[in-house]
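We're numbering straight along the sequence, starting at 1.
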Amino acid sequence: LPVLPVGVGEQDGRLCVSFGPLFEPEIPIDRGQRDRVVAGQAANAILAQWTALDEAPQASGACPPGALGGREVEMEGSI
């Protein structure tokens with residue numbers, strides 16, 4: 001089952017969304033390890049997208065290249 005990692009973040013009051021490449025998690029034969037291993041693979045792929053949002057060179061107030069966004073949003077509270 002292919003998985004699409006998505007990084008979502010806020011930069012300068014703008015919501016930015018970055019989609020990574022599809023990947024198919026390696027699913028262990030051992031049922032006792034499946035959830036942990038697949039969750040770790042998905043978390044690493046999502047973290048890579050989140051990191052891409054933080055590290056990409058960008059113009060002031062712009063989302064990183066390859067990211068969707070630029071729409072001003074109001075944020076309340078914390079996640």
More than 12 heavy atoms of other groups within 6.0 Å of Asp30 CG: yes
Nearest heavy atoms of Val6 and Ile46, plus distance in Å: O-CG2, 3.6 Å
hydrophobic_cluster_shared for Val17 and Leu22, side chain cutoff 4.5 Å: yes
Reported CD-to-CZ distance for the pair Gln41 and Arg36, which is rounded to 0.5 angstrom: 10.5 Å
Side chain proximity check, Glu26 to Val37, heavy atoms < 4.5 angstrom: no
Nearest non-hydrogen partners of Pro2 and Glu24, listed with the distance: CA-CG, 4.0 Å
Smallest separation among heavy atoms of Leu1 and Pro25, with atom names: O-CD, 3.5 Å
ILVMFWY cluster, Leu47 and Phe23 together (side-chain gap under 4.5 Å): no
